[in-house]
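Here, residue 1 is the first one in the sequence, and each next residue gets the next number.
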Amino acid sequence: VIGLLPSKNNKESIKFLFEREMKRKHFLRIDKQKLREQVKEDFLKIKPKIKKYCNIIIYVKNKTPSQIANEIITNLN
């Protein structure tokens, strides 16, 4: 099982995810502070599960989709 996380650092990961969520059409009208708290809560809830159940973790921040795909392929070989 392969898990994708933004970064090893929680603060960086939460910032990355929050910035991504802010761009989504269905979150445009939501209060930014509430969205940030929800992203943080969700991330801190799911990260331990990803770490527990995934054999491979790929950190995706600052990587292109091609780089991520290549890293996945490399880890599978």
Minimal non-hydrogen separation, Gln67 against Thr64, with atom names: OE1-N, 2.7 Å

Other residues, nucleotides, ligands: >12 heavy atoms within 6.0 Å of Lys47 NZ: yes

Atom NZ of Lys63 with >12 non-hydrogen neighbours under 6.0 angstrom: yes

Are the side chains of [Y] and [X] in contact, using a 4.5 Å heavy-atom criterion?
X: Phe16; Y: Ser7; result: no
X: Lys49; Y: Lys52; result: no
X: Phe18; Y: Lys32; result: yes
X: Gln33; Y: Glu37; result: yes
X: Asn75; Y: Ile2; result: no
X: Ile57; Y: Ile50; result: yes
X: Tyr59; Y: Leu4; result: no
X: Ile58; Y: Ile68; result: yes

Working to the nearest 0.5 angstrom, can you tell me the gap between [X] [atom1] and [Y] [atom2]?
X: Arg24; Y: Leu35; atom1: CZ; atom2: CG; result: 10.0 Å
X: Ile30; Y: Glu21; atom1: CD1; atom2: CD; result: 9.5 Å
X: Leu5; Y: Lys61; atom1: CG; atom2: NZ; result: 13.0 Å
X: Arg36; Y: Lys15; atom1: CZ; atom2: NZ; result: 9.0 Å

Test side chain to side chain contact (heavy atoms under 4.5 Å, CB included) applied to Phe43 and Ile14, step by step: CA-CA 7 Å; Phe43 175 76; Ile14 292 164; 3.7 Å; yes

Side-chain ion pair, Glu19 and Lys23, N-O less than 4.0 Å: no

